[in-house]
Amino acid sequence: MIAAYLLNPASPNRELKDICLEHLGAVLPGGKEELPAKAHCIMQLSRLLDEKLKLFEQDRLFYDVELPLVQVLADMETEGVAVDKNQLEAMSLQLGRSIENLAGEIYRLAGQEFNINSPKQLGKILFEELKLPVIKKTKTGYSTDAAVLDELAAAHEIAAKILEYRQFMKLKSTYTDGLAALINPGTGRLHTTFHQTVTATGRLSSAEPNLQNIPIRLEFGRLIRKVFIPRSKEHLLLSADYSQIELRILAHVSGDPVLINAFRNGEDIHTRTAAEVFGVLPEEVTREMRGKAKAVNFGIVYGLSDYGLSKDIKVTRSEARRYIDNYFARYAGVKTYIDRVVREAREKGYVTTLLNRRRYLPDLFSPNRTVRNFGERTAMNTPIQGSAADVIKLAMVNIRREMVEHGFKAKMILQVHDELIFDSPADEIDRLAELVKRCMENVLVLNVPLVVDIKAGPNWYDVKKIELLGSF
DNA sequence: CGTGTCACG
DNA sequence: ACGTACGTGACACGC
């Protein structure tokens, strides 16, 4: 399954019968021949896929990264993450009361009761009963998403209430109630499943529950993180996250001197970008300028458009265009790199990552311009996002080896794309922090340093940065 | 099961 | 004139 994934990660079907069809051109029979036919196919496939991996120079990625990662992920899933069930239930009750109060307010303002969770019913109330202006439409009717409600907030106080209602409803259904329902009664912990063959870029995904999307951006949601705790009172949680890994990878693959210098000098990258884009000194950069520059940096990684940027930071499209033009004028190496990646993708039909992960981009050849543009943005984004996935996967394999070798009691329990979480005895924390930081920062040698921040604490909310002594 | 919405990196 | 930021998963609704 994993070999087939590396050969073509965008292929939607990963069942044995799909892989047989794709690589052997064979249709698996049903009935009494099914089992021996499967055995035969697996044998054929193991040789064939091994040959194909060698041909694509993906054998190291397969044997040195993805295969050893299987055991790492299995152990993480088995260990699970402890949660405070009582606290989860208390939060649920509190959210339930807030939701009821808000619903009452919303019904009063609407002049009737209806299902607030139904976009169809909500649209009718907002745009037909209350006659609010229609901002945008979906395939099936009126859009009522957060951007629309934000705009409506000026016209009617119901909009803000609905936004608040949605926020609480999300927290209750997906997080407090949703997580509580998935606590394993035997272990008292949450045991996610990490999927290794799902994403087109090489990232992992997490399901049942998804522990890669626990709230953090809004303070209220962030409190959910308090329920994620160590397994015993002698333990702490330790989190280790890569600082700006995607932009560092961009600096490496593009060779852009301004970007490389910024990272080598340990500069704040968003401030540096603001200084470049707005033509001021770093010390003259305001909060607002830095915020916009941060959005530009994200946009660069995504394969930006002036439209997407303007929507993100709420400036006019021509203003966004100016930021982008300024960016490419100052980071000319990035511009050259992006043009090269897209051109090579068109020539070869695929893009690759640092460790030779591959993604085919048939969208590049679509007659539809929108689809083609999408393909071009994918061509820019995938080598960055996918290389970041390569880096952390290799680090996970190396960390596990060292932890086993040195007899650590601590356990790696979660991966959140650029971050690893450990459940560790308090008296191991300093040694673990040193090991994890060293493994993550030295996993590959790039032309800019990789920097990892380490935090520790009594739960996932209250982790605080710790500085390591004497490790340089 | 498709759609809309929204949580994360 | 049109339609667009990259990658996921879960929930609720409604067919």
Side-chain angles (χ1 to χ4, degrees), chain A residues 9-10 114-123 136-149 162-163 165-179 181-182 192-195 198-218 220-222 224-225 241-247 250 295-313 317 320 323-324 351 359 361 363 368-386 388-389 392 414-420 460:
Chain A
F114 64 102
N115 186 347
I116 307 167
N117 296 322
S118 162
K120 193 172 162 187
Q121 292 184 38
L122 179 61
K136 80 182 156 173
K137 301 195 129 201
T138 67
K139 269 180 222 166
T140 54
Y142 311 112
S143 170
T144 67
D145 70 16
V148 168
L149 292 172
I162 293 164
L163 280 169
Y165 173 93
R166 284 240 179 100
Q167 192 196 340
F168 290 151
M169 198 64 181
K170 181 84 179 179
L171 291 175
K172 186 168 190 293
S173 62
T174 303
Y175 297 103
T176 59
D177 292 352
L179 291 175
L182 290 169
T192 187
T193 301
F194 287 107
H195 291 287
V198 165
T199 71
T201 56
R203 277 188 176 181
L204 300 175
S205 75
S206 159
E208 272 187 288
N210 180 358
L211 296 180
Q212 292 180 322
N213 74 341
I214 302 302
I216 190 166
R217 293 173 188 170
L218 301 178
F220 200 85
R222 190 174 190 148
I224 298 282
R225 294 186 170 227
D241 71 291
Y242 280 110
S243 162
Q244 306 296 346
I245 187 164
E246 291 183 333
L247 289 173
L250 178 62
V296 172
N297 279 331
F298 277 113
I300 295 297
V301 170
Y302 292 156
L304 85 186
S305 67
D306 50 13
Y307 174 83
L309 180 63
S310 71
K311 234 174 41 165
D312 190 44
I313 58 177
R317 210 167 140 164
Y323 299 158
I324 294 169
V351 289
R359 180 179 183 179
L361 298 171
D363 285 356
N368 179 318
R369 193 169 66 91
T370 305
V371 174
R372 210 165 53 241
N373 289 344
F374 178 74
E376 288 164 5
R377 292 194 297 275
T378 312
M380 304 175 206
N381 172 264
T382 296
I384 308 288
Q385 188 181 131
I392 196 165
L414 293 175
Q415 188 252 39
V416 193
H417 309 305
D418 63 357
E419 173 185 20
L420 296 174
W460 202 1

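Side chains are part of it too, since the values below use all heavy atoms of this structure and drop only hydrogens, waters and symmetry mates.
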Take the protein atom [atom1] of [X] and the nucleotide atom [atom2] of [N], then report the distance between them rounded to whole Å.
{"X": "A/Phe194", "N": "C/dT8", "atom1": "CZ", "atom2": "P", "result": "16 Å"}
{"X": "A/Ile216", "N": "B/dC6", "atom1": "CD1", "atom2": "C1'", "result": "16 Å"}
{"X": "A/Tyr175", "N": "B/dC6", "atom1": "OH", "atom2": "P", "result": "12 Å"}
{"X": "A/Leu414", "N": "C/dG9", "atom1": "CG", "atom2": "P", "result": "16 Å"}
{"X": "A/Asp145", "N": "B/dA7", "atom1": "CG", "atom2": "C1'", "result": "15 Å"}
{"X": "A/Ile214", "N": "C/dT8", "atom1": "CD1", "atom2": "C1'", "result": "14 Å"}
{"X": "A/Leu211", "N": "B/dG9", "atom1": "CG", "atom2": "P", "result": "13 Å"}
{"X": "A/Leu171", "N": "B/dT5", "atom1": "CG", "atom2": "P", "result": "18 Å"}

According to ring-ring contact (aromatic ring centres under 6.0 Å, His included), who are the partners of A/Tyr242, at least two apart in sequence or on a separate chain? none

Could you list the residues that satisfy ring-ring contact (aromatic ring centres under 6.0 Å, His included) with A/Phe194, not counting sequence neighbours? none

Do the side-chain N or O atoms of A/Arg166 get closer than 4.0 angstrom to the phosphate oxygens (OP1, OP2) of B/dC6? yes

Look at the side-chain N and O atoms of A/Thr140 and state whether any lies under 4.0 Å from the OP1 or OP2 oxygen of B/dG4. yes

Between A/Gln212 (side chain) and A/Gln415 (backbone), is there a donor-acceptor pair under 3.5 Å? yes

Minimum heavy-atom separation for [X] and [Y], please, with both atom names.
{"X": "A/Pro215", "Y": "A/Leu171", "answer": "CG-CD2, 3.9 Å"}
{"X": "A/Pro209", "Y": "A/Ser206", "answer": "O-OG, 3.3 Å"}
{"X": "A/Ala388", "Y": "A/Ile245", "answer": "CB-CG2, 4.1 Å"}
{"X": "A/Ile214", "Y": "A/Asn210", "answer": "CD1-O, 4.0 Å"}

CG-CG distance between A/Leu414 and A/Leu211, expressed to the nearest 0.5 angstrom: 5.5 Å

If you draw a 6.0 Å radius around CD in A/Glu208, do more than 12 non-hydrogen atoms from other residues or ligands fall strictly inside? no

What interatomic distance, in whole Å, is found between C1' of C/dC2 and the corresponding atom of B/dT5? 25 Å

What integer number of Å spans the C1' atoms of B/dA7 and C/dG3? 26 Å

Can you run through DNA chain C from 5' to 3' and write each base as (, ), [, ], | or . depending on how it pairs? Watson-Crick or G-U wobble, both distances under 3.5 Å. .....|||||||||.

Classify A/Ala388 by what it touches in the nucleic acid, base, sugar-phosphate, or nothing, heavy-atom distance under 4.0 Å. nothing

Heavy atoms under 4.0 Å, any strand shown: does A/Ile384 hit a base, just sugar-phosphate, or nothing? nothing

Please list all pairs passing the salt bridge (Lys or Arg N to Asp or Glu O under 4.0 Å) test where one or both residues lie in residues 167-177 of chain A, with sequence neighbours left out. A/Lys172-A/Asp177

When A/Thr144, A/Asn117, A/Asp145 are each screened for side chain to side chain donor-acceptor pair (under 3.5 Å) with A/Arg166, the one that passes is A/Thr144

Report yes if the side chains of A/Thr199 and A/Gln385 come closer than 4.5 Å at any heavy-atom pair, otherwise no. no

Quick one, give me the B/S/- string for nucleotides 1-6 of chain C, reading 5' to 3', where B means a protein heavy atom under 4.0 Å from the base and S means that only happens at the primed atoms, P, OP1 or OP2. -BBBBB

What one-letter contact string describes nucleotides 10-15 of chain C from 5' to 3', where B marks a base within less than 4.0 Å of any protein heavy atom, S marks contact via sugar-phosphate atoms alone, and - marks no contact? BSSSSS

